Amino acid sequence: MVLMRLFGRGEIRRWRDTHVALARAVLQQAAADLVEALDTELSQADWQDGLIEQTRFVATRIAPVVRRVVDPLARRVIEEADRTLQPIAFYPLHWRPQPIDTNLMRDMMEELGDWAAAGGAALSGIMRGAATTLPLGGAVGGTRAGDWMRLRAEARLRAKVHAYINATVVKGPKGRPSMLEHVTELLREAAKHARPL
């Protein structure tokens, strides 16, 4: 009886490891796909989005897309894990949606704000210098000053969006689990409490 129980626990650990690896593969790929797909959205951001209202841009244009893509994938991973757990152990594994962390975006923007501010200060200094040395409508290395500013703003916004996707899907900040960390915790909890059949 003890031997059967030990064998059953080993089977449950293998189940856990398999599904944690599956969750990691699925959600890391989803994050990579989102970064690539949302690059088009970023190139359509205007000056207001890129320089002034980055948090609003992420909240209204990026976060809903991330949620729409990632939530169903995470649910499917848990449903598949539950289906394969039932023949080897008793544990009612159910998908528990992760509540939306409304402060995550604001806090992330603050964390990334120092970097953006440093880039903005450098940008401002360079543009002041350019204004005194370039003729009106002048260009730097074939790039107009306004175009260069737009590229810099887009790069800052892109960095923030990529960081948001990573924090939401793969690795959350301290005390705020990402979707992958949430799914992994559900699987580990199931493995810990499941009773071998």
Side-chain angles (χ1 to χ4, degrees), residues 1-42 54-112 159-197:
M1 186 68 172
V2 172
L3 189 61
M4 288 299 289
R5 200 175 301 122
L6 286 174
F7 175 76
R9 297 295 326 152
E11 208 173 359
I12 291 169
R13 280 193 296 275
R14 284 189 295 280
W15 166 87
R16 176 201 63 204
D17 294 346
T18 297
H19 287 87
V20 165
L22 175 65
R24 189 173 294 120
V26 167
L27 294 174
Q28 285 177 344
Q29 185 61 53
D33 291 346
L34 280 164
V35 164
E36 188 177 324
L38 290 171
D39 271 351
T40 304
E41 189 78 17
L42 291 175
Q54 292 181 342
T55 303
R56 183 189 62 78
F57 179 81
V58 174
T60 59
R61 303 264 294 270
I62 303 300
V65 175
V66 171
R67 199 87 187 176
R68 268 196 314 272
V69 168
V70 173
D71 278 6
L73 290 174
R75 175 188 290 271
R76 273 188 241 143
V77 167
I78 292 297
E79 287 171 352
E80 175 62 16
D82 179 56
R83 188 186 65 74
T84 57
L85 178 63
Q86 297 315 309
I88 61 171
F90 175 76
Y91 183 82
L93 177 60
H94 299 292
W95 169 241
R96 293 196 298 258
Q98 197 174 24
I100 295 172
D101 186 347
T102 54
N103 294 325
L104 173 65
M105 217 168 321
R106 184 200 66 216
D107 295 348
M108 279 191 58
M109 295 299 124
E110 285 175 9
E111 282 177 31
L112 291 167
K160 288 186 176 185
V161 167
H162 292 183
Y164 172 78
I165 292 169
N166 185 63
T168 304
V169 182
V170 180
K171 176 82 174 124
K174 188 175 182 182
R176 290 172 159 152
S178 67
M179 188 62 77
L180 175 56
E181 290 164 330
H182 177 62
V183 168
T184 299
E185 182 54 34
L186 291 177
L187 294 168
R188 288 184 174 146
E189 183 182 298
K192 181 179 178 183
H193 297 294
R195 295 199 309 271
L197 295 178

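This is a predicted model, so every value here is computed, not measured.
Formation of a donor-acceptor pair under 3.5 Å by the Gln86 side chain with backbone atoms of Tyr91 is found in this model. Between the side chain of Arg9 and the backbone N or O of Ala191, at least one donor-acceptor pair lies under 3.5 Å. A donor-acceptor pair under 3.5 Å is formed between the side chain of Thr84 and the backbone N or O of Ala81.
Side-chain contact between Leu187 and Val183 is present, with at least one heavy-atom pair separated by less than 4.5 Å. Side-chain atoms of Asp82 and His94, non-hydrogen and from C-beta on, never get closer than 4.5 Å to each other. For the pair Ile88 and Leu85, the minimum side-chain heavy-atom distance is below 4.5 Å. Inter-residue side-chain proximity for Val58 and Val161 is flagged as met; some heavy-atom pair is nearer than 4.5 Å. Side-chain contact between Ile12 and Pro196 is present, with at least one heavy-atom pair separated by less than 4.5 Å.
Nearest heavy-atom pair across Pro64 and Ala59 is CD-O, 3.3 Å. Minimum heavy-atom separation, Leu27 to Val170: O-CG2, 4.5 Å. Heavy atoms only, all atoms of each residue included: Ala190 and Leu93 are closest at CB-CD1, 3.9 Å.
Atom CZ of Arg24 sits about 6.0 Å away from atom OG1 of Thr184, to the nearest 0.5 Å. Atom-to-atom distance recorded for Arg16:CZ and Glu11:CD is 13.5 Å, nearest 0.5 angstrom. Taking CD1 of Ile78 as the start and CG of Leu22 as the end, the distance is 10.0 Å to the nearest 0.5 Å. With rounding to the nearest 0.5 Å, the separation of CD in Gln28 from CG in Leu180 is 6.5 Å.
With sequence neighbours excluded, the residues forming a side-chain contact (heavy atoms from CB on, under 4.5 Å) with Arg195 are Phe90, listed by chain and number. For Pro177, the side-chain contact (heavy atoms from CB on, under 4.5 Å) partners two or more places apart in sequence, or in a different chain, are Gln98, Glu181. Partners of Arg83 according to the side-chain contact (heavy atoms from CB on, under 4.5 Å) rule, which considers only residues two or more places apart in sequence or in another chain, are Glu80.
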Run the side-chain donor-acceptor check on residues 29-39: report pairs under 3.5 Å with partners two or more places apart or on a different chain.
| unit_1 | atom_1 | unit_2 | atom_2 | d |
| --- | --- | --- | --- | --- |
| Gln29 | NE2 | Asp33 | OD1 | 2.8 |
| Asp39 | OD1 | Arg158 | NH1 | 2.6 |
| Asp39 | OD1 | His162 | NE2 | 3.3 |

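Annotation: ring-ring contact (aromatic ring centres under 6.0 Å, His included) contacts involving residues 166-197, sequence neighbours excluded, comprise Trp95-His182. Sorted by first and then second residue, the ring-ring contact (aromatic ring centres under 6.0 Å, His included) pairs involving residues 11-33 (not counting sequence neighbours) are Trp15-His19.
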